[in-house]
2 protein chains.
Amino acid sequence: MLISELSKRTGVSVHTLRYYENYGLFKGENNKTVKTNNYKQYDESLIEKIQLIKEAKEIGFTLSEIKDLLEDWFNHQLSEEKKIQALEAKIIEIDSKITQFKRVKKMLIEGIQDVKEGKC
Amino acid sequence: MLISELSKRTGVSVHTLRYYENYGLFKGENNKTVKTNNYKQYDESLIEKIQLIKEAKEIGFTLSEIKDLLEDWFNHQLSEEKKIQALEAKIIEIDSKITQFKRVKKMLIEGIQDVKEGKC
DNA sequence: TCAAAGCATAGACTATACTCTATGCTTGTA
DNA sequence: TACAAGCATAGAGTATAGTCTATGCTTTGA
């Protein structure tokens, strides 16, 4: 598919998709059978990849982190073991982030208590 | 205390503290008994407040969001009920963020499965 | 007492992640 | 076939959150 379809199907603007592509998060391919233009083709599998990028960004991962993860994940040179290590490292990061969220939640709950006791 | 002590005790640089103060996250007071300078005094209670700012930032809250929350929380004009509402709203946001984290975690776990099955 | 360290304000600079504009070529449709 | 819409690259502009520099006054300690 071309970039505008990718944009429609992922909900990410064409501009942003181009930015991501230049950043190195994914790559479209020039269709070599067509010589009159240099339009890029984007693979069906990118839809899922871009959904992951969106979600990862929303939970605060930087593009740089996402890039590193994707590069490991889809690197055919990398051993299965190394890929799993990269993914597991991210899962551990997520777990510690969740812990941090719970800590802030606790602070806010304590804040509610303080307000109820007229301490604020 | 003066700003450098506040910096040491919170681990936030003097520059960043000034940035936060100008942003409106908290306020130091000029000591009116001293007329030779305009050094600002920072209250002991700010330490906890700044810890909260740090944690909230680390979990992805913007300074603008943090400002709004603190303004409600420590606004003496605001009713107890409204304060609790503001705090509860943030707690709900945190819960939905945690859900989102778990969703990304699930994606990564599925990624590990795919790698193990040779799908990547 | 005088120099270093600390305080204040103001403004310039940086990084990240977009977002938009300009320009030019290609494609598709009335 | 003409012209709007789509594609591409390049580069400028924006918002957030710092981070740093300049300047000048004040305090403190050898």
Side-chain angles (χ1 to χ4, degrees), chain A residues 1-43 46 49-71 93 97 104, chain B residues 1-43 46 49-71 93 97 104:
Chain A
M1 78 190 87
L2 296 179
I3 198 157
S4 63
E5 191 184 338
L6 188 63
S7 170
K8 277 187 202 98
R9 291 179 60 190
T10 58
V12 177
S13 78
V14 168
H15 277 299
T16 301
L17 287 175
R18 289 219 170 93
Y19 177 74
Y20 287 171
E21 183 167 5
N22 285 327
Y23 197 97
L25 296 185
F26 59 83
K27 232 167 87 57
E29 296 291 339
N30 280 97
N31 186 339
K32 278 145 208 143
T33 62
V34 179
K35 294 237 155 62
T36 48
N37 68 36
N38 59 342
Y39 291 9
K40 282 186 190 131
Q41 288 293 330
Y42 297 92
D43 197 77
L46 278 185
K49 208 168 180 176
I50 289 164
Q51 292 305 341
L52 175 70
I53 294 170
K54 278 174 75 175
E55 296 264 15
K57 260 189 40 56
E58 268 172 56
I59 65 169
F61 283 6
T62 64
L63 295 187
S64 160
E65 286 175 298
I66 296 169
K67 187 185 173 194
D68 289 348
L69 180 67
L70 292 176
E71 273 173 3
E93 270 181 51
K97 270 290 178 198
V104 176
Chain B
M1 76 191 87
L2 295 178
I3 197 156
S4 64
E5 189 183 339
L6 188 62
S7 169
K8 277 189 203 98
R9 292 179 59 187
T10 58
V12 177
S13 77
V14 168
H15 277 300
T16 300
L17 286 175
R18 290 218 169 95
Y19 177 74
Y20 287 171
E21 183 168 4
N22 286 327
Y23 196 97
L25 295 184
F26 59 82
K27 233 167 88 56
E29 296 291 338
N30 280 98
N31 186 338
K32 278 147 209 141
T33 61
V34 180
K35 295 235 154 63
T36 49
N37 70 36
N38 59 343
Y39 291 8
K40 282 185 189 130
Q41 287 294 329
Y42 297 91
D43 197 75
L46 277 185
K49 207 168 181 177
I50 289 164
Q51 293 304 341
L52 175 70
I53 294 170
K54 279 175 75 175
E55 296 264 17
K57 261 188 41 55
E58 266 172 55
I59 65 170
F61 283 5
T62 64
L63 295 188
S64 159
E65 286 175 297
I66 296 169
K67 188 185 172 193
D68 289 348
L69 180 67
L70 292 176
E71 273 174 1
E93 270 181 50
K97 270 290 178 200
V104 176

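Order of the sequence lines fixes the chain letters, A, B, ..., with proteins taken first and strands second; residue numbering starts at 1 for each chain. These values consider heavy atoms only, across backbone and side chains, with no hydrogens, waters or symmetry-generated copies.
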Fill in: chain A contact limits on DNA chain D, taken 5' to 3' with a cut-off of 4.0 angstrom to heavy atoms
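It runs dG6(D) to dT9(D).
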
Working to the nearest 0.5 Å, report the span between [atom1] of [X] and [atom2] of [Y].
X        : Y        : atom1 : atom2 : answer
Ile53(B) : Leu25(B) : CD1   : CG    : 4.5 Å
Lys40(A) : Arg18(A) : NZ    : CZ    : 8.0 Å
Lys8(A)  : Thr10(A) : NZ    : OG1   : 11.0 Å
Glu21(B) : Leu6(B)  : CD    : CG    : 9.0 Å

Practice prompt. Taking only heavy atoms on the protein side, list every residue of residues 2-20 of chain B lying under 4.0 Å from any atom of DNA chain C, sorted numerically.
Written response: Leu2(B), Ile3(B), Ser4(B), Arg18(B)

Worksheet entry | Within residues 34-43 of chain A: residues closer than 4.0 Å to DNA chain C (heavy atoms) |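 Per residue number, the list reads Thr36(A), Asn37(A), Tyr39(A).
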
Discussion item. Strictly distance-based, threshold 3.5 Å: is any side-chain N or O of Tyr23(A) a donor or acceptor partner for the main-chain N or O of Ser64(A)?
Written reply: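 Flag set: sc Tyr23(A) to bb Ser64(A) pair under 3.5 Å.
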
Discussion item. Looking at Lys32(B), is its backbone amide N or carbonyl O close enough to the side chain of Asn30(B) to form a donor-acceptor pair, meaning the two atoms are under 3.5 Å apart?
Written reply: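 Not at all, since once roles are kept as given, no pair shorter than 3.5 Å links the two residues.
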
Worksheet item: Separation of Ile66(A) atom CD1 from dT16(C) atom P, in whole Å?
Response: 14 Å

Worksheet item: Roughly how many Å is it from CG in Asn22(B) to P in dG11(C), rounded to a whole number?
Response: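 In whole Å, dG11(C) P and Asn22(B) CG are 12 Å from each other.
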
Worksheet entry | CA sep, side-chain torsions, deciding dist, call: Lys49(A), Tyr20(A), side chain to side chain contact (heavy atoms under 4.5 Å, CB included) | CA-CA 12 Å; Lys49(A) 208 168 180 176; Tyr20(A) 287 171; over 6 Å; no

Discussion item. On a heavy-atom basis, which atom in Phe26(B) and which in Leu17(B) lie closest, and how many Å separate them?
Written reply: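 Scanning both residues completely, I find the closest heavy atoms to be CZ-O, 3.6 Å.
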
Worksheet item: So which heavy atom on Arg9(B) is nearest to which on Met1(B), and how close?
Response: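 Between these two residues, the closest heavy atoms are NH1-CE, 3.7 Å.
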
Worksheet item: Within the structure, does a side-chain N or O atom of Lys57(A) lie under 4.0 Å from either OP1 or OP2 of dC18(C)?
Response: yes

Fill in: Side-chain ion pair, Glu58(A) and Lys54(A), N-O less than 4.0 Å
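Looking at Lys54(A) together with Glu58(A), the answer is no, because their closest N to O distance does not fall below 4.0 Å.
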
Item to complete: For Ser13(A), enumerate each residue passing the side-chain contact (heavy atoms from CB on, under 4.5 Å) test, keeping only those at least two apart in sequence or located in another chain.
Response: His15(A), Thr16(A)

Practice prompt. Mind checking side-chain contact (heavy atoms from CB on, under 4.5 Å) for Glu65(B) and listing every partner two or more places apart, or none if nothing turns up?
Written response: Phe61(B), Thr62(B), Lys90(B), Glu93(B)

Review item, nucleotides 1-3 of chain C N/O atoms under 3.5 Å of protein N/O:
none

Item to complete: I would like to know whether Tyr39(B) and Asn31(B) meet side chain to side chain contact (heavy atoms under 4.5 Å, CB included); could you show each step before the answer?
Response: CA-CA 7 Å; Tyr39(B) 291 8; Asn31(B) 186 338; over 6 Å; no

